[in-house]
Amino acid sequence: MISLDLNNIYAFIDNEEFDTFLSGAGESLKLLHNSTGKGNDYLGWLNLPEKTDKKLLDAIDGLADEFQNEIELLVVIGIGGSYLGTRAVGDALNHSFSHLLPNDKPQLIFAGQNLSQDYLYDLLEVLENKTYGIVVVSKSGTTTEPALAFRILKQHLEKRIGKEASQKKIIAITDSSKGALRKMADEENYRSFIIPDDVGGRFSVLSPVGLVPLGLSGVNIHELIRGATEMAEKSGLSIPINENLPAMYAAARNVLYSKGKLIELLVNYEPGLHYFSEWWKQLFGESEGKENKGIFPASVDFTSDLHSMGQYLQEGKRNLFETVISVKENRHSLLVPGDDNDLDGLNYISSKPIGEVNKMAELGTLLAHVEGGVPNIRLSADKLDAYHLGQLVYFFEKACAISGYILGVNPFDQPGVEAYKRNMFALLGKPGFEKETEIMKKHIQK
Ligand code: PA5
């Protein structure tokens, strides 16, 4: 199991204050499990791991066998919750340089997560010389970025291998009945998977949204689900609140927030976790940032960012705290070699594992930052494997829901993300937005 260390927050709070927030976390947990809190029609993620149908995992395994050695790349098209979870888990588990190595499993690459003309152009150039398939993910089936990327890549694939063959290489993951992507999947006979109605985008990585592309790329999705299921069991209503890790973390971040710590930095010491932090930022930012409230979720990759952000973190404004994802064991062994001349002065660490050097950097940074006024929450996982990733994903999903309830917001909606879309559609002259287009024109004239 992953473990949680809150020892380095107590210097910044009173114990009784933490207990008050912990009992608030207990109340929030009840709201969640009894489906009596805000947004309770979006709680499908809560029991998703234990309810994962073996038939679904078998179907994904079957597809993985079919695609193995058939295609070099799998382009995953999606944005936000239909993108970040897959990228987070894929990057954490796959080889750091997988694109540069021969592989029997298709390598994941991504599209539809931006509107960059140059990104898409470059991608088409790469795909010109590769065999590839497409997994297109959109719950609504109407999001502009993935719809645009899919139109381009679908046409590219059809031109390369023909319409019939490309139908076998395209998989759609979308709503069971609504949206343009569902219609297209049905008309074009794509194989498709359903995103449950009651699972919102940022809570969907353990649904077909993440399981299909991850399984096809060789991630052990059985272990991912096993880890998540165990975390679900260990964070249920029957678990004492002071042993319930997501509830404890939710209480800790909220007590710090009440003390003016308005920014939370998710810290990692493994570059493979960079996109895990991006996923986490969406999870917490979109769930809590409403009604003029919410901790601002930010992230840093250490030790890289200690050489850019280290000064600010040590001595800048004291309105932040850190949550460190600490990985105990490396996947591989690599020692610092000795050198007869020792011109670089590194012989004092020769024969030590590089991982130990990294660990000492982690410990040294923790002590320095706490000393400098930055509270520290530490979440430790034995290894970066599918099982522990499953635990981490579920841990943060549950903590986020509890935390949102402590804050008093609906953690499952995102009304604020529509504003830019309305303006963009009006500016582009989308049918149905004529009134807004007129308003935009007046703004532009001014
Ligand atoms: O969390 C969310 O709801 C969003 O990030 C969505 O996942 C994102 O906007 C993509 O939406 P869709 O899957 O409908 O294309």
Side-chain angles (χ1 to χ4, degrees), residues 38-46 48 75-90 110-116 134-154 170-185 190 192-214 275-290 294 297 393-394 396-401 403-404 409-425 430:
K38 292 180 184 170
N40 57 6
D41 40 353
Y42 280 98
L43 296 181
W45 59 272
L46 195 57
L48 198 58
V75 188
V76 184
I77 301 179
I79 194 165
S82 294
Y83 157 62
L84 285 167
T86 303
R87 183 131 201 199
V89 176
F110 296 88
Q113 80 280 34
N114 57 51
L115 286 170
S116 165
I134 297 173
V135 174
V136 53
V137 191
S138 179
K139 188 175 184 203
S140 63
T142 52
T143 309
T144 309
E145 290 90 338
L148 186 56
F150 184 50
R151 179 183 278 211
I152 288 174
L153 293 179
K154 172 181 181 292
I170 295 174
I171 297 167
I173 304 177
T174 188
D175 188 86
S176 60
S177 57
K178 296 188 295 287
L181 183 57
R182 167 51 55 202
K183 199 160 167 244
M184 235 193 267
Y190 298 147
S192 69
F193 292 84
I194 292 168
I195 309 175
D197 278 347
D198 55 0
V199 177
R202 57 190 175 275
F203 288 85
S204 70
V205 54
L206 300 172
S207 79
V209 169
L211 295 178
V212 173
L214 289 167
Y275 270 94
F276 193 85
S277 296
E278 297 303 311
W279 168 80
W280 173 90
K281 284 195 276 195
Q282 182 195 356
L283 182 67
F284 280 87
E286 211 167 71
S287 300
E288 294 194 314
K290 42 197 80 154
V393 164
Y394 190 87
F396 280 121
E397 288 181 352
K398 189 135 184 195
C400 179
S403 187
V409 299
N410 175 355
F412 307 112
D413 66 359
Q414 54 283 328
V417 298
E418 293 311 311
Y420 97 90
K421 290 186 198 167
R422 229 179 7 254
N423 291 350
M424 178 179 82
F425 292 148
K430 184 172 177 173

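Counting starts at 1 for both ligands and their atoms, in listed order.
- Ring orientation note: the planes of Phe396 and Phe284 are nearly perpendicular, at an angle over 60° on the 30°/60° scale.
- Ring geometry for Phe412 versus Trp45: interplanar angle of 30 to 60°, hence tilted.
- Inter-residue side-chain proximity for Ile77 and Val137 is flagged as unmet; no heavy-atom pair is nearer than 4.5 Å.
- For ligand 1, the protein residues within 4.0 angstrom (heavy atoms only) are Ile79, Gly80, Gly81, Ser82, Ser138, Lys139, Ser140, Thr143, Gly201, Arg202, Gln282, Glu286, Gln414.
- Counting only residues at least two apart or on different chains, the side chain to side chain donor-acceptor pair (under 3.5 Å) pairs with a member in residues 77-86 are Tyr83-Arg87.
- Legend: salt bridge (charged side-chain N to carboxylate O under 4.0 Å, His left out) pairs involving residues 193-211, not counting sequence neighbours, sorted by first then second residue: Arg202-Glu286.
- Annotation: side-chain contact (heavy atoms from CB on, under 4.5 Å) contacts of Ala88 (sequence neighbours excluded): Phe276, Trp279.
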